[in-house]
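So you know, we letter chains A, B, ... as the sequences are listed, proteins then strands, and number each from 1. Since the model is a prediction, treat every value here as computed from it, not as a measurement.
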Amino acid sequence: MPHDWVKSALRLMNAMAGKTKKVDRVPYFALINEQMLCRVAGVTVKEMLSSPEIYAKAVIGSYEFLEADTIQIPTSYAGPGEALAFAESNDKLDTIRWYDYKPLSIIQGAVCKTEEDIDKLEIPDHSKSSIWKVSTEAANIVNEKTKFPQMFGLGIWSVVQELRGVQAFKDMRKNPELLLKLCEKVYESQLDVFKFWTEKVGFSPMIMLTGYSFNKHMMSFDDAMKFEGQFIKRLQEKTKVPFIFHNCGTSPYFMEACKEIEFAAVNGSHPLDLDYWIKFKESYPNVTIMGANIDVSREMLTGTPQDVEEKVRDNIIALAPGGRYVCSPVCCLPWGVPLGNIMAIPRALEKYGQYPLKIQ
Amino acid sequence: MPHDWVKSALRLMNAMAGKTKKVDRVPYFALINEQMLCRVAGVTVKEMLSSPEIYAKAVIGSYEFLEADTIQIPTSYAGPGEALAFAESNDKLDTIRWYDYKPLSIIQGAVCKTEEDIDKLEIPDHSKSSIWKVSTEAANIVNEKTKFPQMFGLGIWSVVQELRGVQAFKDMRKNPELLLKLCEKVYESQLDVFKFWTEKVGFSPMIMLTGYSFNKHMMSFDDAMKFEGQFIKRLQEKTKVPFIFHNCGTSPYFMEACKEIEFAAVNGSHPLDLDYWIKFKESYPNVTIMGANIDVSREMLTGTPQDVEEKVRDNIIALAPGGRYVCSPVCCLPWGVPLGNIMAIPRALEKYGQYPLKIQ
Amino acid sequence: MSEKDNLTNLINVIVDGDEIQASSIAKKALDSGLDYKAILNEGIIKACEEIGQLYEKEEYFLADMLISADALKAAMKVLKPAMEQASEKSPGKILIGTVEGDVHDIGKSLVTSLLQGQGYDVIDLGSEVPPETFAQKALEDNPDIIGLSGLLTVSISKMRETIALLKEKRIDSKIIIGGGVVSKAACVLIGADDCAKDGWEGVKKINRIISSKGGGVV
Amino acid sequence: MSEKDNLTNLINVIVDGDEIQASSIAKKALDSGLDYKAILNEGIIKACEEIGQLYEKEEYFLADMLISADALKAAMKVLKPAMEQASEKSPGKILIGTVEGDVHDIGKSLVTSLLQGQGYDVIDLGSEVPPETFAQKALEDNPDIIGLSGLLTVSISKMRETIALLKEKRIDSKIIIGGGVVSKAACVLIGADDCAKDGWEGVKKINRIISSKGGGVV
C-alpha cells in the first residue's frame, strides 16, 4: 500500500492544533539522520550526497519504510551542514571528516581557532556550497513526490560550537564580545541559508530550532539566552513561522525557554521522566510535546520491542489526551538500535494511539 | 508476535520433502551475511565477533525481523572464515582486512603466494581459531534460543582461491599437482572444522556446499570436478548428510553437477531465467530449488517493492506446485538493496505463497 | 599573611579562574616554606571540591569549570618540581580519548583539565581514537582508568567495540564511559565499569575509583 | 620458414600459453626483418582474437586465458623497443582497479594482462582502491577508459560512489564496471558507461570503445 503523505500531514497538523476529533491516531515524528538512511536504503553517505536523486530516493524510501508521518532530509538543517559550508567557504576543507555510514562533520574548533579566524570568518555563499546545493535539490524532489511540505532547521549554538570548539566556553567568561561577534556571524549566515532554502525549496511551514545551548550541562539559562536565545528571537521576527524547539541534552531548559520565547512545540526528552512532561503539558497546554521519553539510548538500545511498545503506551496515556502530542523517539535513531525496536513504535501507535483513545 | 521457529523448521522440511499438504506456505530461506546483520541489528562486525552473545542476538533479531524461515550465523560456513583460520594459524594475520560493516576477508592469494607456502601450509587447529570459537559459541546460543537446527557450510574452491588467488588458475595448467595438494589440504581442514563444529554445536541436518568452481566463468566442468567435485564426493562420504549446492555465479553448472553428485537442493540463480529452472525441475524433480531468479543485483537493487513482489509471484507460479521450492533471493542481501525491497519478499509470500496455491 | 590566608587566597583565585594569580600565589606559598602537601591538600584539592560544589549548586557551569580548571593546572604546575623531588607519585594514571568516528571533545577537555589540575597523570589521546590505539596505549602505559568519551549516539557502538578489544587484550584497567548519550543501561550493555553523563561526574567517579584502589588524591 | 609460417607459429604458441616460445618466435620474426606492425596485427592481435573465440566456444576457460595472456605479454615485450623507436603510441590508456573494500582481483588480472598483451598502456591500481585514488590518478594520467572491478555485491555501492566523484571532478574518461555482480540495470543506476560480466567481455568492450574513439588496436 503506498504511503499517503497528505493524510500524514493532516494528522500531524490537526494533532498539533489539538483538534483530536480530526485525528485518527497519534502522529509519528521520526528524526532520521544519515546513519538510519544508510541502514534502510543501503547507501553510503557519499553516495547519497553525490546525487539529489539518490538522496531523495533514500529519504522517501526510508521514511515510508519506517512508517513515519513526517519526512525531511537530514541536511535540511543548518547545523553541522552550516559548519561544513563555513569550512568550505573559508578554505578549511581539511577540517571535514567523511564516514561511510555516519554524518560527515568537522573537527570541533578547527575553523575558528584564533581570534583572527573569527574576525576574518566569511559568511558562506550558500548558492556555491556543495552541501546546500544537493540538500535543496533533494528536498525539492521529496517535495514534488510526496507533497509533504519540507521543514527547515536552524540553530545558533550548534554551529558556534562546531566552529570554535571548547574555546567558545572559555570565551564566554574571558571574551564574551568576541563570542557574540561569532554568534552574530552565525546568525547572519542562518538567515542567509534560510533565505536560500526558501528561494529554492519554498516556504518552510515550521522551523526546527536546535537550541543546544539550552541545557544545564552546557551553560546557565542566562548565558543560553545571551548567546543563543536573543538570536532565536531575532530569527523568529525575520522568518515569521512557528518554531519547534529541539534539545536532546540531558537537562534541557524547556520550561524556562518557553517562558521567554514562543514555541509551537518542544522536541526532546533524553532523561526526563513522564512527570516532567505532564507538568509541562499543564504549564504550557498550547505547546505540542514531540517525543517525551522514548529514549534511543535506553530501552530502544538495550530493550526488546515489547519494552518499546510499553514505553509508547505509557507516553500515550500520559500525554495524548487532548492532542498536542506527537510520538517521537529522542533523539536521532542511531546504529546500535535494532530495527525491530524501531519498528515497534509504529506498531504500538496503531495498537494504542487511535483517537478517541481507548486507554487512559 | 514472537517468531515460531519450530513452525518454520517444519515448513522448510516438509516443503523440501514435497509434502505440500503439510505446508501452509512457501518457505523463505534468507542468506544474510554480516552486512545485513549490521544494518538490522545496528552493530559493527567487530562488535559482533567480539562476543557470542552480541553475535547471536544480532542474528536472531535480524532473521526474525526479516521474517525468514531459516536462521544461521553467517560464519557457520567454512569459506572466508576458513581462509582466516588458515591466515591465523600460519602467522599471516597481516593478510586480514577488517571493515566496520562488511564481512572481514583476507587478501586473495596472500597466504599461499609461493610453492613453499603450500608445502608448509598448516591445517588450522580449529579449537584455537578465534573466528571459529565465537562462531560455534554464537551458534550454540542461537540453537538454544530458537531450537532451529544449525546448518553448517563447506566449500573447497572458495578457500583455495582465497589462499592462492589468481595463481590457482595458472597452477591448473602449469602445476596441477601442486594445486591438488592445496585442494587436499583445504579438504582436510574442511573435515576438521566440520568435526569441530559437530562437537561444539551438534549435528548439522544439512550442509550448504558452496561449489564456487562450478561456474563456466571460473573453469570447465571437468576442471570443476577435478579440483572441487571429487572432494565434494569425499566430503559427502564422510559427513553423510544431505548437501545443498550453492552457487551464485553467472553461469553455474547446476544440471551437470546434479548428474555427477547427489544434492538435496540447489541454491543459486544469478542470471538464469525461469525457463532454466522449469527445465531443472523437470529433470531433477526430487532436488529442491532454493532461490530461482530473485536477483539481488537487479530488481532488488534497482526496482520497487512492487517489482520484487511480482518476481516472487512469477517464481511461485513456475516452481512452487508440488513443493520442493524454497523462496530465496540470490545471493546475499547486500548494501544498496533498500529494506523496503527486502521486506517485499515475506509480504509477497503471504500473499501468493499459501498452499494449496491459488495462483497457477 | 598567614599560612591559612595564603591557602584561602589560592582557593579563591582558582575558583575565580585566575590562572596568573593561581600560579603566583602557589609559588609564594612554596617560597614561604609551606610543604607542597599542604598546598595540594588544603589548597588545590579544596579548590577543586569547591568548584564541584558550585557546579552542583548550579552556580557554576561548564564555562566556569573550564576556566577554574586552567587555574588549577597553573597552580599544580608550580608544585610539580617539589613533588617530583619528593618522588611523590601521581594519584593515578588515566588514559582518555574520544572514540573513533566522534570529533567531540568538550567533555573530555574538562575531565582532562580537572584531573591534571589534581595531579593525575593524564594521557589524552585526542578525538577520533581507534580501538587499536586505546589498546596499544593501555598496554604501554598500564593506566588505572581508561576513559572513553563520545557525544554522538553512534559512539556507543564504537565504545562497545573498544571495550571488547581491551578485554580481549586482557587489559584490566577500569573503564569509564562518558558523554551525554551514555546511560547506566548502555554502560552495562557494553561492559564498562562505570559511566558519567558529564565531565564533573566523570571526575568524581574517577576520584572514587582511585580512592577505592588505595591510591587517590594525595 | 616463411613470414607467414613464423606468424602462424607465433599465434599458436601464444594460444598455447607458451611464454618462452612466444618471446623467442617474436624475436626471431623481428630479427628476420619483419615489420613490428605486421607482427602486432598479424600475430599478436590475431592470437588474442583466437583466444577470445576459444573462450566463447567454451574450449578455453579462465585458466587458459590467463596463461595465454602471459604469453601475449611476453611477445609484446619483445616488440616494445621497436614500437617506441617508431614513436608508436599505445592504442589507449586504461586505468583499472578493484574498488575500496573489495580484495578480489582475478577478473581484473585477466583484463590487465590481455590489455597489456595488446599493447595498451594499463595503469593497474591494485585492489581496495579508494574513490579518491581513482580520481587523483585519472586527473594525473587522463586515461581513455577507467575500469572499476568488484566481485562482492557490496562493491556496487562503492562503484557508485567512485563514479560520482569522477563526475564531480569532471573526469570524462569512459567508465566501465566489471565483475560477476554487475548487471545492465546496476550499470545504468550508478552512471557507468558500460559493464562486463567477465574479463573477456571487459576486454572486448574496451577494444570497442577505443575503436569508436578512433584509436584502437593498431
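Aromatic ring centres of C:Tyr60 and C:Trp200: separated by at least 6.0 Å. Checked against the 6.0 Å centroid threshold, A:Phe214 and A:Phe245 count as a close aromatic pair.
Contact annotation for A:Arg173: both backbone and side-chain heavy atoms come within less than 4.5 Å of a heavy atom of chain C. Proximity to chain A is absent for every atom of C:Glu59, based on heavy atoms less than 4.5 angstrom apart. Looking at A:Ser105, only its side chain comes within 4.5 Å of chain C, counting heavy atoms on both sides. Proximity to chain C (any heavy atom under 4.5 Å) is shown, for A:Gln167, by neither the backbone nor the side chain. Contact of A:Lys102 with chain C is made through the side chain alone, with heavy-atom distances under 4.5 Å. Within the 4.5 angstrom heavy-atom criterion, no atom of C:Glu201 approaches chain A.
A salt bridge is defined here as a Lys NZ or Arg NE, NH1 or NH2 lying under 4.0 Å from an Asp or Glu carboxylate O, and A:Lys92 with A:Asp117 meets this definition. A salt bridge does not link C:Lys174 to C:Asp144: none of the charged nitrogens lies less than 4.0 Å from a carboxylate oxygen. Under a 4.0 Å N-O distance rule, the pair C:Asp172/C:Lys167 does not qualify as a salt bridge. No salt bridge links C:Glu132 with C:Lys169; every basic N to acidic carboxylate O contact stays at or beyond 4.0 Å.
Annotation: maximal heavy-atom pairing with chain A below 4.5 Å, among C:Gly199, C:Ala63, C:Ser127, occurs at C:Ala63. When A:Gln161, A:Lys216, A:Met172 are compared by the number of non-hydrogen pairs under 4.5 Å with chain C, A:Lys216 comes out ahead.
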